[in-house]
Amino acid sequence: MNVYQCEDSLEGIFTAIYNIYEDKSRPEDTRIDLTGELLLFARYVSVATDKGKALKVMNTLRRRFGEEDYMKICFALASTDEDKAQVIYKTVAAGLAVNCGIGHLCDNLADDSVHKLFSLFRNANNEFLHLRGFVRFQELDNGVLYSRITPKNNVLTFLMPHFADRFPMENFLLYDAGRNLFGIHPAGEEWYLMQDEHYFMNEKKLRMSERESTYQELFRYFCHRIAIKERRNTELQRNMLPLRFREDMVEFR
């Protein structure tokens with residue numbers, strides 16, 4: 001068994017896939033590992049992330065399987081599942097072996113790897129779709145829009161283009177508190193990500209603008225006033241708006 005150990009990132013996993021094909025390692029005897037777990041009688045290969053190799057794999061996936069299937073792979077990569085790298089590799093290897101063509105990578109759901117990849121994609125994509133509607137920006141006293149999120153999956157990369165498209169001329173900061181990952185968008189410029197594992201955003205030190213405080217109070221009052229007590233359905237509300245999102249939403253504070 002050949003075990004390729006790489007970092008948990010799109011570039012790291014794609015580099016591992018490139019190295020596997022470069023080494024002509026057989027899929028049935030190959031594994032990509034993100035955990036550092038040791039297996040008996042295995043040959044370990046340390047993978048140094050190479051953006052050039054990752055880009056070649058990225059272009060191949062887009063050309064052979066199409067943009068839609070490529071995005072499914074990217075959403076699966078955003079998962080926290082420790083086995084995601086192996087699942088993606090096995091699915092891609094099977095797709096390339098049978099030349100499944102554009103739009104057909106995830107057709108064979110009877111295959112365990114394909115089924116798992118589709119499940120990871122669906123979970124991350126659903127969370128992304130939820131957050132597109134649940135994110136609440138606050139205006140700070142310096143005019144910057146700020147929002148805090150705590151997603152299970154690493155979906156900040158997908159959220160930033162969405163909000164950059166809607167607020168192109170705004171300075172805004174989207175903070176993933178679970179990963180200490182910041183999405184930063186300067187007004188009129190390209191957005192970028194910044195991560196500091198040792199940094200902790202102390203929200204108590206953030207000061208909202210007077211206008212923001214006023215609108216937050218109005219919004220909370222509005223949400224309470226439109227509620228019809230006799231028609232309250234907490235079970236339906238939890239299905240439409242899971243409890244884990246409410247901590248970061250103004251109307252539930």
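Because the structure is predicted, anything quoted here is derived from the model rather than measured.
In the model, E139 has a side-chain atom that pairs as donor or acceptor with a side-chain atom of S209 under 3.5 Å. The closest side-chain donor-acceptor pair between S147 and D248, if any, does not fall under 3.5 angstrom. Counted by atom type alone, N2 and Y44 present zero donor-acceptor pairs between their side chains at under 3.5 Å. Using modelled atom types and a 3.5 Å distance limit, the side chains of T49 and E7 yield a donor-acceptor pair. Side-chain contact check for H162 and R166: at least one donor-acceptor pair (N or O, by modelled atom type) lies under 3.5 Å.
V45 places none of its side-chain heavy atoms less than 4.5 Å from the side chain of V3. When side chains are defined from C-beta on, R238 counts as touching E235, because their heavy atoms get closer than 4.5 Å. Considering only heavy atoms from C-beta on, Y4 stays 4.5 Å or farther from S46 through its side chain. You'll find the side chain of I184 reaches within 4.5 Å of the side chain of M194, heavy atoms only. A heavy-atom distance below 4.5 Å is not found between the side chains of F182 and L193.
Hydrophobic clustering (side-chain heavy atoms under 4.5 Å, transitive across Ile, Leu, Val, Met, Phe, Trp, Tyr) groups L129 together with L241. By the criterion of side-chain heavy atoms lying less than 4.5 angstrom apart, applied directly or through intervening Ile, Leu, Val, Met, Phe, Trp or Tyr residues, Y70 is grouped together with V57 in one hydrophobic cluster. Residues W191 and L10 are members of one and the same hydrophobic cluster, defined by side-chain heavy-atom contacts under 4.5 angstrom among Ile, Leu, Val, Met, Phe, Trp and Tyr. Linking Ile, Leu, Val, Met, Phe, Trp and Tyr residues whenever their side-chain heavy atoms come within less than 4.5 Å places V87 and L96 in a single cluster. Hydrophobic clustering of Ile, Leu, Val, Met, Phe, Trp and Tyr side chains at less than 4.5 Å, counting indirect connections, keeps L243 apart from F252.
A 6.0 Å sphere centred on CD of E22 holds more than 12 heavy atoms belonging to other residues, nucleotides or ligands. E28 CD: more than 12 foreign heavy atoms inside a 6.0 Å radius. Taking a 6.0 Å sphere around CD of E82, one finds it holds 12 or fewer heavy atoms contributed by other residues, nucleotides or ligands. Residue-environment remark: CZ (R207) stays at or below the threshold of 12 foreign heavy atoms within 6.0 Å.
Of all the heavy atoms in G66 and I102, the pair that sits closest is CA-CG2, 3.9 Å. Nearest heavy atoms, A78 versus F158: CB-CE1, 3.9 Å. Shortest non-hydrogen contact noted between L173 and V144 is N-CG1, 4.4 Å. The nearest pair of heavy atoms linking L105 to T91 is CD1-O, 3.6 Å.
Between F137 and F167, the distance from one ring center to the other falls under 6.0 angstrom. Checked against the 6.0 Å centroid threshold, F128 and F75 count as a close aromatic pair.
Expressed to the nearest 0.5 Å, how far CG of L61 lies from CE of M71 amounts to 12.5 Å. T157 contributes atom OG1, which lies 6.5 Å from atom CG of L181 (distance to the nearest 0.5 angstrom). Atom-to-atom distance recorded for T150:OG1 and R179:CZ is 9.5 Å, nearest 0.5 angstrom. Here the CG atom belonging to L174 is positioned 6.0 Å from the CE atom belonging to M160, to the nearest 0.5 angstrom. Atom CD1 of I73 sits about 13.5 Å away from atom OH of Y89, to the nearest 0.5 Å. The line from NZ of K51 to CE of M58 is 10.5 Å long, rounded to the nearest 0.5 Å.
Between H185 and F172, the angle of the ring planes stays under 30°, which puts this pair in the parallel group of the 30/60° scheme.
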Cut-off 3.5 Å, no hydrogens considered: what does the side-chain donor-acceptor table look like for residues 111-121, sequence neighbours left out?
| from | atom 1 | to | atom 2 | distance (Å) |
| --- | --- | --- | --- | --- |
| D111 | OD1 | S113 | N | 2.9 |
| D111 | OD1 | V114 | N | 3.2 |
| K116 | NZ | D81 | OD2 | 3.2 |

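In this structure, N153 contributes its side chain and V155 its backbone to no donor-acceptor pair below 3.5 Å. The backbone N or O of N126 sits less than 3.5 Å from a side-chain atom of H130, completing a donor-acceptor pair. Checking side-chain atoms of Q5 against main-chain N and O of I32 turns up no donor-acceptor pair under 3.5 Å. In this structure a side-chain-to-backbone donor-acceptor pair under 3.5 Å is present from N171 to A187. At least one donor-acceptor pair under 3.5 Å links the side chain of K84 to the backbone N or O of S79. The closest donor-acceptor contact from the side chain of N59 to the backbone of L55 lies under 3.5 Å. Judged purely by atom type and a 3.5 angstrom limit, Q86 uses its side chain to pair as donor or acceptor with the backbone of T30.
R136 and E251 are joined by a salt bridge, as a carboxylate oxygen and a charged side-chain nitrogen come within less than 4.0 angstrom of each other. R31 has a carboxylate O that lies under 4.0 Å from a charged side-chain N of D83, or vice versa, which qualifies the two as a salt bridge. For D69 and R64, the salt-bridge test fails: no basic side-chain N is under 4.0 Å from an acidic carboxylate O. In summary, E127 and K152 do not engage in a salt bridge, as defined by a charged side-chain N under 4.0 Å from a carboxylate O.
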### Message
Go through it in stages, so that I can follow the logic: the residues are N180 and D176, the test is side-chain contact (heavy atoms from CB on, under 4.5 Å), and I'd like the CA-CA distance, side-chain angles, deciding distance and then a yes or no.
### Response
CA-CA 6 Å; N180 281 325; D176 183 341; over 6 Å; no

### Message
The test is side-chain contact (heavy atoms from CB on, under 4.5 Å); show your working for Y146 and R148 and say whether it passes.
### Response
CA-CA 7 Å; Y146 168 78; R148 175 184 184 270; 3.7 Å; yes

### Task
Please test R43 against M1 for side-chain contact (heavy atoms from CB on, under 4.5 Å), starting from the C-alpha separation and ending with a verdict.
CA-CA 6 Å; R43 169 179 171 265; M1 175 68 70; over 6 Å; no

### Query
After noting the C-alpha distance and the side-chain angles of I149 and V135, does the key distance pass the side-chain contact (heavy atoms from CB on, under 4.5 Å) rule?
CA-CA 7 Å; I149 58 174; V135 166; 3.8 Å; yes

